[in-house]
Participant: 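Can you read through this structure? Questions will come right after.
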Amino acid sequence: MKFFIDTANLSEIREAYDLGVLDGVTTNPSLMAKEGISGEQNVRAHYKAICDIVDDNVSAEVIATDFEGMIKEGKELAKIDDKIVVKIPMIKDGVKAIKYFSSEGIRTNCTLIFGPGQAILAAKAGATYVSPFVGRLDDISYDGIALIEQIVNIYENYGFATQVLAASIRHTMHLIRCAEIGADVATCPLKVITGLLNHPLTDSGLAQFLADHAKAAGK
Ligand code: E4P
């Protein structure tokens, strides 16, 4: 299972990368805005800075919503670095753009997936990744994890190469459930990745080991 971090914050990306378990980064226009990044040049420079930290898989989202606009913008984004994956929304022109980029050998991440039919379309168009939003479905009383499971099963039925990238992950149990049902990737905030470290028995066990060691050493 690949771990991506879901942020445009450079210090959080560095922290996750330094842990040695990071396989990529996802951003979206809201996450870029949260870091105060705006203007074409600044946005590109920020994506480049992210690419310089990680080994691969930096999702950069297009703003255009028409086919020509998405192609133009996606090509510019892909030129920034070989690590860029062009993130395209699940809309009609987006599907066409994914097909185009797929034929050009440019990787894509189809975002804003909320149903299995959308995931089938994205896979048929040749998306590298699909991003179903687990947390946002849970927020409106739909089962986000069930959607991940459904898409994993459908892709297995037909051998689609598109990878299931579970997005909108809010807590460690989301991530663990995604791992159990075979999501290829989970993109999470830093606190979810580091949250996997925690267990009270690890803390108390380590404290006891160190105390016993100190006692035996006469300290
Ligand atoms: C990532 O690709 C998505 O844009 C992101 O996971 C959405 O997360 P949110 O629902 O917490 O905003």
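Indexing begins at 1, ligand by ligand and atom by atom, following the structure's order.
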Participant: Could you find the nearest protein heavy atom to atom 6 (O) of ligand 1 and give me its residue, atom name and distance?
Facilitator: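 The answer is D6 OD2, 2.5 Å.
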Participant: Strictly below 4.0 Å, N to O, side chains only: are R107 and D56 in salt-bridge contact?
Facilitator: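 Salt bridge flag = yes for D56 with R107.
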Participant: Strictly below 4.0 Å, N to O, side chains only: are K75 and E104 in salt-bridge contact?
Facilitator: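 A salt bridge is absent here (no side-chain N lies under 4.0 Å from a carboxylate O).
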Participant: If you measure every N or O of R170 against every N or O of ligand 1, does any of those distances drop under 3.5 Å?
Facilitator: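 Yes - when backbone and side-chain N and O of R170 are compared with those of ligand 1, one distance drops under 3.5 Å.
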Participant: I'd like to check which ligand 1 atoms, numbered from 1 as shown, lie under 4.0 Å from a non-hydrogen atom of K87.
Facilitator: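 Near K87, the atoms of ligand 1 are 1 (C), 2 (O), 3 (C), 4 (O).
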Participant: Looking only at protein heavy atoms, which one is nearest to atom 7 (C) of ligand 1, and how far off is it?
Facilitator: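 Checked against all protein heavy atoms, atom 7 (C) of ligand 1 sits closest to F133 CE2, 3.6 Å.
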Participant: For ligand 1, which atoms, with element, lie under 4.0 Å from some heavy atom of R136?
Facilitator: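 The atoms of ligand 1 under 4.0 Å from a heavy atom of R136 are 7 (C), 9 (P), 10 (O), 12 (O).
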Participant: How far is atom 4 (O) of ligand 1 from its nearest protein heavy atom, and which residue and atom name does that atom have?
Facilitator: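 Of every protein heavy atom, N28 ND2, 2.8 Å lies nearest to atom 4 (O) of ligand 1.
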Participant: Considering heavy atoms of the protein only, find what lies nearest to atom 8 (O) of ligand 1 and give residue, atom and distance to 0.1 Å.
Facilitator: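 For this ligand atom, the closest protein heavy atom is S168 CA, 3.5 Å.
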Participant: Before accepting this row, confirm whether a basic side-chain N of the pair D18/R14 lies closer than 4.0 Å to the acidic partner's carboxylate O.
Facilitator: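 Salt bridge: no.
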Participant: May I ask you to decide if the ring planes of H174 and H171 are parallel, tilted or perpendicular, using 30° and 60° as cut-offs?
Facilitator: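 Because their plane-to-plane angle is under 30°, the rings of H174 and H171 count as parallel.
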Participant: Scan side-chain atoms only and decide if E61 and N28 contain a donor-acceptor pair under the 3.5 Å cut-off.
Facilitator: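 Judged by distance alone, the side chains do not pair up.
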Participant: Does a side-chain N-to-carboxylate-O contact under 4.0 Å join K83 and D55?
Facilitator: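 Judged by the 4.0 Å cut-off on N to carboxylate O distance, K83 and D55 do not form a salt bridge.
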